[in-house]
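Presented below is the structure to which this report refers.
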Amino acid sequence: MGRDVIIFDTTLRDGEQAPGNSMTAEEKLRLARQLDVLGVDVIEAGFPSASDGDRRAVRTIAESVRRPVIAALARCHDRDIDVAGEAVRPAARPRVHVFIATSDLHLECKLRLSREQCVERARDAVRRARRYTDDVEFSAEDATRTDLEFLCRVVEAAIEEGATTINLPDTVGYALPVEYGAMFRAVRERVPGAERVVFSAHCHDDLGLAVANSLAAIEAGAGQVECTVNGIGERAGNAALEEIVVAGRVRPHAVRFNCGVNAQELFRTSQLLSHVIGVFPQPNKAVVGRNAFAHEAGIHQHGVLQNGLTYEIIRPEEVGVARSSLVLGKHSGRHALERRYRELGYELDEATLHQLYEEFTALADKKREILDEDLLALLHGRFHDAPETYRLTHLQVTCGTVSAAAEVRLGGPWAGGGGGGEGSERGATASGNGPIAAAFAAIAKVVGRQVEVMNLTVQSVTPGRDSLGQVLVQARIDGKTLSGHGASTDIVEASARALIHALNKVNHADQLEDQSLNASYFWGV
Ligand code: KIV
Ligand code: ZN
């Protein structure tokens, strides 16, 4: 049996920091609730001084998610620390996480501070953070490129001021496992008071070594690992939570640690994140990629049928991937649908079941076999992360090899018609160099917003010609970058639905901003 290791999830902070991964406060809350179900010990909910939205998200999570520690990041600046401290104040177990770069490169070129000034900043920051909570984490950013003597000095100062967790990040993903482990051993041996604190690993994947480095740190005595779902994060990403957890389960004698993560929730958490940010892991991603358990070669299939262990070191069920996926069809009733969702881990309330059943029967008219993936796509498409201000009521597209034209009607907040529509609908026509571009141009016209599409991915949810197509779109709408998703057996319709989903989120974000501007006078007083 190994030691207990704290799983510190930073999907909502470091993960979100990467371009295209931004989430609304509601989306962060939904993910935080799932991370709680997954069983992580610490949720780093955000960097509150970075934006008003992040401050609000951290505070809401602190109020609503009660079991895990809720952490907020702050630079070693008084204002950052105060904003972070206030944001996590409502948490049952709040943590303030302060960081400062310690490598000469960062000190000279980025911060323009001497080593002495850096130590003083670290001291002041930890002391200030302790005014808010006894649980203070200190990070020496770029630790792996920091002079070891100096690193030990900073860590010693942070411990003296009351830091309870010391994080030694491989900020630029530069270290090799043997070096990263050695750094932990050296710091733990040399720094007085090291035995009183938890050491933490935080690895980036620039050389593809983030998980290997995290495991090396655990071997060298780290008591916490910082990681993200699907390994999302700055540049090449952070260490993937699911890979660390599964490595510990599959190789318990080689990587000796215990953690409280419920592995059966791994796949569900990965799927939820993918739907929220609009980015799916690459198909060959370990543990949660769509091909992670697919066996194409005949010789492999034969082996797996005889005995799964021949080519499978992880049983799909262990990480929450259902093995049987053929389920329902046109004649299945509401009870069958409800039961299958329950088997997949979702308890539905009456209203959601009712809506889903309607969508399910409409889909079953177009598609003979409804697979689990179809059901998940329908479910994720229904999450109310924003009120449905705009609704697609009509879409007609004509296209050829040169250009396309689209006619769109949306239900919306307009009272009494006008603008070319009927009742509370409005419509517009537009052309484009393809059917999706034309539909998007028409939608932008109807809502009167500037829409710039940054990324659009189409995925077939299941194999086969009648497959449901799932579209994830990332768009900059009047300066805000958000993602939306939509599903349909027609990919132009799925794309239109995805863009409308993103528009609804932007609309909601605008409203929340207005409210929070009105309320800002009272905040934190
Ligand atoms: O990579 C890094 O150094 C960080 C710190 C802020 C912990 O994310
Ligand atoms: Zn990081």
Side-chain angles (χ1 to χ4, degrees), residues 6-19 21-22 42-51 54 58 69-77 80-81 83-84 87-88 95-107 109-111 113 118 121-122 125-126 129 135-146 150-151 154-155 158 163-175 179-180 183-184 187 197-211 213-214 217 222-241 244:
I6 296 165
I7 301 292
F8 176 115
D9 180 277
T10 183
T11 308
L12 304 180
R13 200 280 297 170
D14 221 351
E16 201 228 10
Q17 228 161 288
N21 287 351
S22 59
V42 184
I43 296 176
E44 185 163 52
F47 189 179
S49 67
S51 74
D54 227 23
V58 173
V69 171
I70 305 298
L73 185 70
R75 288 169 299 182
C76 289
H77 295 166
D80 269 39
I81 297 166
V83 175
V88 290
R95 174 179 295 187
V96 175
H97 175 189
V98 295
F99 77 99
I100 189 164
T102 50
S103 65
D104 287 337
L105 183 65
H106 278 237
L107 285 176
C109 303
K110 186 180 81 173
L111 299 178
L113 290 179
C118 171
R121 286 262 183 108
V126 173
D135 186 345
V136 172
E137 173 164 338
F138 171 77
S139 284
E141 190 189 8
D142 207 18
T144 47
R145 294 189 299 170
T146 299
F150 180 61
L151 182 62
V154 185
V155 168
T164 42
T165 301
I166 298 292
N167 184 31
L168 303 178
D170 186 22
T171 304
V172 291
Y174 176 76
E179 295 165 343
Y180 199 55
M183 180 184 70
F184 275 82
V187 175
V197 298
V198 173
F199 278 86
S200 174
H202 176 115
C203 301
H204 283 265
D205 209 28
D206 300 66
L207 294 177
L209 294 170
V211 171
N213 283 340
S214 305
Q224 172 176 289
V225 277
E226 307 195 356
C227 44
T228 60
V229 176
N230 294 351
I232 66 165
E234 288 273 23
R235 305 180 310 278
N238 287 57
L241 181 150
I244 294 174

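We count ligands from 1, going down the list as the structure has it; atoms in each ligand are counted the same way. The basis for the numbers below is simple: all heavy atoms, side chains too, and nothing from hydrogens, waters or symmetry mates.
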**Request:** Would you please determine whether Glu226 falls within less than 4.0 Å of ligand 1 on a heavy-atom basis?
**Result:**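 Outside the 4.0 Å threshold, so no.
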
**Prompt:** Going by atom types alone, do Ser200 and Gln224 pair a side-chain donor with an acceptor below 3.5 Å?
**Reply:** yes

**Message:** Under 3.5 Å, is there a donor on one side chain and an acceptor on the other for Asn238 and Thr228?
**Reply:**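 No, no side-chain donor-acceptor pair sits under 3.5 Å.
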
Rounded to the nearest 0.5 Å, how far apart are [atom1] of [X] and [atom2] of [Y]?
{"X": "Phe8", "Y": "Asn167", "atom1": "CZ", "atom2": "CG", "value": "7.0 Å"}
{"X": "Leu107", "Y": "Leu105", "atom1": "CG", "atom2": "CG", "value": "9.0 Å"}
{"X": "Asn213", "Y": "Leu207", "atom1": "CG", "atom2": "CG", "value": "8.5 Å"}
{"X": "Thr171", "Y": "His202", "atom1": "OG1", "atom2": "NE2", "value": "6.5 Å"}

**Message:** Between Arg13 and Glu226, does any NZ, NE, NH1 or NH2 come within less than 4.0 Å of an OD or OE carboxylate oxygen?
**Reply:**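 No, Glu226 and Arg13 are not salt-bridged.
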
**Request:** Provide, to 0.1 Å, the distance between atom 4 (C) of ligand 1 and the closest protein heavy atom, together with that atom's residue and name.
**Result:**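 Checking every protein heavy atom, the shortest distance to atom 4 (C) of ligand 1 gives His202 NE2, 3.5 Å.
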
**Request:** Return the residue, atom name and 0.1 Å-rounded distance of the protein heavy atom closest to atom 3 (O) of ligand 1.
**Result:** Thr171 OG1, 2.7 Å

**Request:** Could you tell me which residues satisfy side chain to side chain contact (heavy atoms under 4.5 Å, CB included) with Ala222, sequence neighbours excluded, listed by chain and number?
**Result:**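 Here the qualifying residues are Phe184, Ala217.
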
**Request:** Using 2.8 Å as the cut-off, note every protein N, O or S atom close to the Zn ion (ligand 2).
**Result:**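 Listed by chain and number: Asp14 OD2, His202 NE2, His204 NE2.
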
**Item:** For Glu141, atoms of ligand 1 separated by under 4.0 Å from a heavy atom
**Value:** 3 (O)

**Asked** After noting the C-alpha distance and the side-chain angles of Asp206 and Tyr174, does the key distance pass the side-chain contact (heavy atoms from CB on, under 4.5 Å) rule?
**Response** CA-CA 7 Å; Asp206 300 66; Tyr174 176 76; over 6 Å; no

**Prompt:** Does an N or O from His204, backbone or side chain, lie closer than 3.5 Å to an N or O of ligand 1?
**Reply:**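 For ligand 1, there is an N or O atom that lies under 3.5 Å from one belonging to His204.
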
Of the backbone atoms (N, CA, C, O) and the side-chain heavy atoms from C-beta on, which set of [X] has a member under 4.0 Å from an atom of ligand 1: side chain, backbone, both, or neither?
{"X": "Asn167", "value": "side chain"}
{"X": "Arg13", "value": "side chain"}
{"X": "Asp14", "value": "side chain"}

**Message:** What verdict does the side-chain contact (heavy atoms from CB on, under 4.5 Å) test give for Leu73 and Glu44, after you've listed the backbone C-alpha separation in whole Å, the side-chain angles of each residue and the deciding distance to 0.1 Å?
**Reply:** CA-CA 7 Å; Leu73 185 70; Glu44 185 163 52; 3.7 Å; yes

